[in-house]
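Below is one structure, written out as C-alpha cells; the observations come after it.
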There are 2 protein chains.
Amino acid sequence: MSTSSYSSKSDFVEAFSLKIEELGHPRIYGQILGWLLICDPPHQSFPDLMENLAISKASVSNVTRMLLERGLIEKVRIKGERQIYFKLKEGSVIDFMQKQLRLALDLEEITSRGLEFLSKEKDTDSKRLKKANDFHRFLAEQSENLIEKYKADHDL
Amino acid sequence: MSTSSYSSKSDFVEAFSLKIEELGHPRIYGQILGWLLICDPPHQSFPDLMENLAISKASVSNVTRMLLERGLIEKVRIKGERQIYFKLKEGSVIDFMQKQLRLALDLEEITSRGLEFLSKEKDTDSKRLKKANDFHRFLAEQSENLIEKYKADHDL
DNA sequence: AATTTAGTTTACTCAATACTAAACAAATCT
DNA sequence: AGATTTGTTTAGTATTGAGTAAACTAAATT
C-alpha cells in the first residue's frame, strides 16, 4: 500500500475533513481544521477561509465559534488590522483525540451502572456485561496513560 | 461522582444506545447491542427484539443485517424452531472499540500523504502537520498494542 | 396444493441539521 | 454625523437518513 500523495492542498483538506465528518462533525468543521494545519501563514482571516474553502461568511462565523468553544483554535489580533484571524491552538490535535478516547470512559461508566442494576435484580447472567465493563476500564485507563506519556516525552 | 445505577434494563439500554448513537450509528443499532448485553436468554428472536425495544419488524431485519455484516452479532438456530435468534458474537465489544481506534491510523495516513505533498511543494511550514502525523502514528501503534495485550491476557 | 409463518424489500414520512443569503449590529474611519 | 468595513443572527432551503407500514418472497406445515 504505497501512499500516493495528494496533488493539492485542497485534496488534503477534503480527505481530512471527510474523516472528521465521519465522526459526526459538520463538513466545514474539518475543512477549517485541515486548512489551518497547512495554510500559509498559519493564521487566517474570514475572507481567507471563505475563498480557500469556498464557504459562506455565516459558516465561517458559526463554525469558528464552535471551534473556539471547544478550544481547538484561537483568535489572533494583528496591530493596526481590524480583521480577526484564527489559528490552530497549540495541542489541539492531542486534545481532539483525547476527546475521542473519552468513549471508553463513558462506556465504562454506563456498563458499570448496568452491572450495579443487574446485581440488585439478582440477574442470572451478568457475564457479558462484566466482560464489557472490564475491557472498557482497561482501555480508558491505558489510553489515558498513553496520552500522558506522549505529552511528557514530546514537550507540548 | 457516585454512579447512581439504573432502575430498569431499559434505562441501561437507552443510555448505552445514546452513546453509540453519538458515534454516528442509528439509534436501534445501539439498542440491539445494549439489549443483547443484558437480555435473558442471551439469544433473542425477532418478536423478542420488537417487543422489548418497541421497534418494527423492518428495523430488526435491517439493523441485524448491519450488525451481522460487521461481525458484531451472529445467528443462532434452535432445533425444531423456525425462528432466527441473534446473540452477541464473542469478542464483539473488543472488535467494536478496535474499529474506533482505527481513527488514529486513518489520520496518520492522511497526514502522511499531506506531508508528502507539502515536501514536493517545498512548503515553508510543515511543522504543524508533522506534529500531527507524529502523534497519530504514536497513538495508532500504541493503541493497537493495548488491544493485543488485552486479548493475550484475558482469553478472548 | 393451500395456508400459515417468518423475514426481506420497497416506498414513504418525518425529523434533524448543514449551509447560506440577507438582514442586522457594532465598530472604525473620514 | 455619515459611510464603510467586519462579523453575527435570523429565517429559510435542501439534503440526508432513520424508521415504519405494507407489499412481497420463501419456506414449512397441514
Side-chain angles (χ1 to χ4, degrees), chain A residues 10 13-36 41 43-70 72-87, chain B residues 10 13-36 41 43-70 72-87:
Chain A
S10 289
V13 172
E14 280 312 321
F16 185 86
S17 78
L18 204 61
K19 186 52 63 180
I20 303 301
E21 201 178 357
E22 283 178 13
L23 305 174
H25 300 290
R27 178 183 184 200
I28 294 178
Y29 195 92
Q31 283 183 290
I32 292 182
L33 284 180
W35 177 248
L36 288 180
H43 51 91
Q44 298 278 292
S45 68
F46 261 66
D48 290 339
L49 295 172
M50 291 168 64
E51 288 160 21
N52 286 291
L53 302 176
I55 57 180
S56 74
K57 192 166 55 156
S59 287
V60 173
S61 177
N62 286 324
V63 175
T64 52
R65 182 165 38 73
M66 292 176 64
L67 291 167
L68 285 167
E69 283 168 359
R70 292 168 162 74
L72 296 177
I73 65 174
E74 62 189 358
K75 286 188 183 179
V76 177
R77 288 296 195 172
I78 295 181
K79 62 161 187 184
E81 296 214 22
R82 295 175 61 177
Q83 294 188 16
I84 298 175
Y85 292 87
F86 300 101
K87 68 186 278 281
Chain B
S10 289
V13 172
E14 280 312 321
F16 185 85
S17 78
L18 204 61
K19 185 52 65 180
I20 303 302
E21 201 178 357
E22 284 178 13
L23 272 33
H25 301 289
R27 179 184 183 198
I28 293 177
Y29 194 93
Q31 283 183 290
I32 292 181
L33 284 180
W35 177 248
L36 288 180
H43 52 91
Q44 299 279 290
S45 67
F46 261 65
D48 290 338
L49 295 172
M50 291 169 65
E51 287 160 22
N52 286 291
L53 303 175
I55 57 180
S56 73
K57 191 167 56 158
S59 287
V60 174
S61 176
N62 287 323
V63 176
T64 52
R65 182 166 37 75
M66 293 178 61
L67 291 167
L68 285 167
E69 283 168 0
R70 293 170 161 78
L72 296 177
I73 66 174
E74 62 190 358
K75 287 188 182 179
V76 176
R77 290 294 195 173
I78 295 181
K79 62 162 188 183
E81 296 214 22
R82 294 175 62 177
Q83 294 188 14
I84 298 174
Y85 292 86
F86 300 100
K87 69 186 276 282

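No experiment lies behind these values; they were computed from the predicted model shown. Below, chain A is the first sequence line, B the second, and so on; all start at residue 1.
Rounded to an integer number of Å, the gap from B/Ile78 CD1 to C/dA6 C1' is 15 Å. Computed from coordinates, the B/Asp48 CG to C/dA6 P distance equals 12 Å when rounded to whole Å. For the pair B/Ile32 CD1 and D/dG19 P, the computed distance is 10 Å after rounding to whole Å. Put simply, CG on A/Leu49 is 10 Å from P on D/dG7, counting in whole angstrom units. In this entry the distance linking CZ of A/Arg65 with P of D/dT10 reads 10 Å, nearest Å. Note: CD1 (A/Ile84) to P (D/dT5) measures 17 Å, nearest angstrom. Following rounding to the nearest Å, B/Glu22 (CD) and D/dA18 (C1') show an atom-to-atom distance of 17 Å. Between the CD atom of A/Glu81 and the C1' atom of C/dA27 there is a distance of 16 Å, rounded to whole Å.
Residue pairs meeting the salt bridge (Lys or Arg N to Asp or Glu O under 4.0 Å) criterion with at least one partner in residues 16-31 of chain A, sequence neighbours excluded, are A/Glu14-A/Arg27, A/Lys19-A/Glu22, A/Lys19-B/Asp106.
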**OP:** For each nucleotide in nucleotides 22-30 of chain D, reading 5' to 3', give B when a protein heavy atom comes within less than 4.0 Å of its base, S when such contact involves only the sugar-phosphate, and - otherwise.
**Re:** -----BS--

Subject >> Under 4.0 Å protein heavy-atom contact, by nucleotide of nucleotides 13-19 of chain C - B base, S sugar-phosphate only >> reply: -----SS

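Legend: residues meeting side-chain hydrogen bond (donor to acceptor under 3.5 Å, both in side chains) with B/Arg77, ordered by chain and number and at least two apart, are absent. For the side-chain contact (heavy atoms from CB on, under 4.5 Å) test, residues two or more places apart in sequence or in another chain that qualify with B/Leu36 are B/Ile32, B/Cys39, B/Gln44, B/Ile73, B/Leu88.
B/Gln31 places none of its side-chain heavy atoms less than 4.5 Å from the side chain of B/Val63. Within the 4.5 Å cutoff, the side chain of A/Gln83 has heavy atoms near those of the A/Pro47 side chain. Between A/Tyr29 and A/Leu72, the closest side-chain pair of non-hydrogen atoms falls below 4.5 Å. In this structure, B/His25 and B/Leu33 have side chains that are not in contact, with every pair of non-hydrogen atoms separated by 4.5 Å or more.
Nearest-nucleotide positions on DNA chain C for B/Arg77 and A/Ala54 put B/Arg77 closer to the 5' end.
Each end of the helix from C/dA1-D/dT30 to C/dT30-D/dA1 gets its own rotation axis from five pairs of C1' atoms, and the angle between them is 0° to the nearest 10 degrees.
Note that the CG atom of A/Leu49 and the CD atom of A/Glu51 stand 9.5 Å from one another [nearest 0.5 Å].
Aromatic ring pairs are classed by plane angle as parallel below 30°, tilted from 30° to 60° and perpendicular above 60°; the pair A/Phe86 and A/Phe46 is tilted.
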